[in-house]
Number of protein chains: 2
Amino acid sequence: MPEAHYPEIRALNLFAEMAEANFLSLMRGAYVQNFPPQIELIGEGEPSDFLHVVLSGSVDLFSTWNGRETSLATVRPVSTFILAATIKNAPYLMSARTLEKSRIVLIPSQDVRAIFDTDGSFARAIVTELAQCYRSVIKAQKDLKLRTSLERLANYLLRQQKRAGGGPVVELDFEKRRLASVLGMTPENLSRAFKGLQPYGVTVEGTRIVIGDQADLERFARPNPWIDDHST
Amino acid sequence: MPEAHYPEIRALNLFAEMAEANFLSLMRGAYVQNFPPQIELIGEGEPSDFLHVVLSGSVDLFSTWNGRETSLATVRPVSTFILAATIKNAPYLMSARTLEKSRIVLIPSQDVRAIFDTDGSFARAIVTELAQCYRSVIKAQKDLKLRTSLERLANYLLRQQKRAGGGPVVELDFEKRRLASVLGMTPENLSRAFKGLQPYGVTVEGTRIVIGDQADLERFARPNPWIDDHST
DNA sequence: CGGATCACTTGATTTTTGTCAATGCTGTAA
DNA sequence: TTACAGCATTGACAAAAATCAAGTGATCCG
């Protein structure tokens, strides 16, 4: 792998604190690949041979059962995915596909496990990362079980707004069909949900969403830090 | 804490491999308490002061929002809960209440974090535990997003049957109202779902469920290892 | 410039799920 | 024992969401 990529990987919390020798050892075994859009990188049930790091582009994590499909998360640069499967040396629970042209680092799982066993700093970083991931899924679970689809959309928009700086305009960063899947509804229903938020000042122009009256939307959405604040 | 409890706690994967001195140090700071049924042990959003270990009885992990409530998991002996919040020193994401008379060990979170920082074996055990928890929630998420309530119930029954040894009779280990909440439906709907499974050979006598024709139920339920096998 | 494709939207309809109200059942305590 | 509380069930209804079937609009490409 070209050393040019080392700094941005090293900058990730997961790799920031580990011993330099161990980091270099990991990097020596790793390689970078460029993928076109819509390529399936890994499939549910396959053995977890590599820990993946997204350097650019984006990756959709999804799952299928009985002819149905759902998106569970979208991975954006720079971050890793399928850490848990790598550590447990267990099969992937989700499939992954590129959404756009993406540059991805593949680190052999056995290297990760070996260094995890010897480098305490790395092990601690992994704990922190996993705890974070775990808490995120719990929040998603609560979102799904406690809210209607309209409420999920409203809170999603408020979260995006916050991420984007708090202004009234939110740009959707992926297709509506995928957003629908992430939010646990059909594309048709998402369309109707957007209309259902019009009375609360939400207007849609293609991929551009305007939150006309944030306070009004919040009165409806009732955002809650233990569901919506993904930083804690 | 009485030393009599040490062995069963030490037997947990989480504590099995750590240095004896560190284990004893953890235990010295811990204490055991007996709680009556229906006592709220912790509340969503509170700081995570203790790692909890259930020695006997059972604990319901649940969450509320906007007047609604949902059960996310049930903890049975002997196991721990709210490990992620303890490690991250972050607020609890779920509330917990005893379902029955329960004996619970409380280990101060700061002790856990301190030893996590110094004991590599303990840190590794925590990683394994967290990865396991993470994967369990992902499976629950897939169950919820990919299946109807009838399919969730059918697969739940098959999982329980397997846990109970594979015989045709499955004993529900908690109230139907709670099962309904865990499965993400109302009690009324659970009643109807049981009826909906009658054509596949499922009969209900109170808390006793008989799976008359396992193969038939499986044809309907289509259990999948990456959703239903909670051992991997 | 067509023509095709694909995402998105919209309306009509069905399915699924939740809500409300009434009833039965069971175990507990006076 | 009776009265009561709480859970489970049932039926009727309402709401939420999925499905099916067009139709619209944008983009890509020969």
Side-chain angles (χ1 to χ4, degrees), chain A residues 36-38 60 64-71 97 99-101 143-156 171-199 202-209 220-221, chain B residues 36-38 60 62 64-71 97 99-101 143-157 171-199 202-209 220-221:
Chain A
Q38 304 300 332
D60 182 40
T64 58
W65 177 81
N66 204 19
R68 294 165 219 166
E69 175 180 323
T70 189
S71 282
R97 73 162 79 89
L99 290 174
E100 39 188 326
K101 193 163 163 303
D143 189 46
L144 208 57
K145 289 185 79 175
L146 289 167
R147 289 171 170 164
T148 67
S149 60
L150 199 57
E151 291 163 343
R152 290 200 295 280
L153 175 60
N155 281 291
Y156 174 84
E171 195 77 27
L172 295 182
D173 46 2
F174 43 53
E175 290 175 301
K176 287 190 182 142
R177 56 189 356 259
R178 189 168 325 284
L179 175 58
S181 184
V182 169
L183 293 177
M185 56 178 122
T186 59
E188 293 96 326
N189 240 317
L190 178 61
S191 263
R192 292 177 190 117
F194 272 121
K195 288 206 156 178
L197 291 181
Q198 275 180 10
V202 175
T203 49
V204 185
E205 309 146 10
T207 175
R208 193 180 206 75
I209 316 294
F220 168 74
Chain B
Q38 304 300 332
D60 183 39
F62 66 100
T64 58
W65 178 80
N66 204 17
R68 296 163 217 166
E69 175 179 322
T70 189
S71 281
R97 72 162 79 88
L99 290 173
E100 39 189 327
K101 193 164 163 303
D143 190 46
L144 209 56
K145 289 185 78 174
L146 289 167
R147 290 170 170 164
T148 66
S149 60
L150 198 58
E151 290 164 343
R152 289 201 295 279
L153 175 60
N155 281 292
Y156 174 84
L157 292 177
E171 195 77 28
L172 295 183
D173 46 3
F174 43 52
E175 291 175 301
K176 287 191 181 140
R177 53 185 4 257
R178 190 167 322 284
L179 174 59
S181 183
V182 169
L183 293 177
M185 56 178 123
T186 58
E188 295 95 327
N189 241 318
L190 178 62
S191 265
R192 293 175 190 120
F194 273 121
K195 289 205 155 178
L197 291 181
Q198 274 179 10
V202 175
T203 49
V204 185
E205 309 147 9
T207 175
R208 194 180 206 76
I209 315 295
F220 169 73

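In what follows, every heavy atom counts, from backbone to side chain, and hydrogens, waters and symmetry copies are set aside. Every chain is numbered from 1 and lettered A, B, ... according to where its sequence line falls, protein lines coming before strand lines.
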For this session: Please report, rounded to the nearest Å, how far the C1' atom of C/dT15 is from the CZ atom of A/Arg68.
Result: 12 Å

Exercise. To the nearest Å, how far apart are A/Lys176 NZ and D/dA26 P?
Worked result: 12 Å

Exercise. Going by modelled atom types, is there a donor-acceptor pair between the base of C/dC8 and the side chain of A/Glu188 at under 3.5 Å?
Worked result: no

Problem set entry | Closest-nucleotide 5' rank along DNA chain D - winner of B/Phe194 and A/Arg152 | B/Phe194

Exercise. Of the candidate nucleotides C/dT19, D/dA8, D/dA18, which contains the atom at the shortest distance from the side chain of A/Asn189?
Worked result: D/dA18

Exercise. Does any N or O donor sit under 3.5 Å from an N or O acceptor when you compare the side chain of A/Arg192 with the base of C/dG11?
Worked result: yes

Exercise. Is B/Tyr156 close to B/Val182 at the side-chain level, that is, under 4.5 Å between some pair of heavy atoms?
Worked result: no

For this session: Would you mind reporting whether B/Val202 and B/Leu153 have side-chain heavy atoms less than 4.5 Å apart?
Result: no

For this session: With the side chain counted from C-beta on, respond yes when A/Arg68 and B/Thr148 share a heavy-atom pair under 4.5 Å apart, and no when they do not.
Result: yes

Exercise. When you measure from the side chain of A/Ser191, which nucleotide among C/dC8, C/dT9, D/dT9 comes out closest?
Worked result: C/dT9

Problem set entry | Whole angstrom value for the distance that separates P of D/dC7 from CG of B/Leu99 | 12 Å

For this session: Grab the CG-P distance between B/Leu183 and D/dA8 for me, whole Å please.
Result: 13 Å

Seminar exercise, completed: A/Leu197 atom CG is separated from D/dA16 atom P, nearest whole Å, by 13 Å

Exercise. Just wondering, more than 12 heavy atoms not from B/Arg208 lying within 6.0 Å of its CZ?
Worked result: no

For this session: Would you indicate whether the side-chain heavy atoms of A/Leu183 and A/Arg147 approach each other to under 4.5 Å?
Result: no

Exercise. Hey, is the side chain of B/Lys195 poking within less than 4.0 Å of OP1 or OP2 on D/dT9, counting only N and O atoms?
Worked result: no

Exercise. Rounded to the nearest Å, what distance is computed from the CG atom of residue A/Leu150 to the P atom of nucleotide D/dA17?
Worked result: 8 Å

For this session: Would you kindly give the CE-to-P distance between A/Met185 and C/dC8, to the nearest whole Å?
Result: 13 Å

Exercise. Counting side-chain heavy atoms from CB outward, which of D/dA17, D/dT10, C/dT9 is closest to A/Ser149?
Worked result: D/dA17

Exercise. Should A/Thr148 be listed as having a side-chain N or O under 4.0 Å from OP1 or OP2 of D/dA16?
Worked result: no

For this session: In whole angstrom, give the distance that lies between atom CG of A/Leu172 and atom C1' of C/dA7.
Result: 14 Å

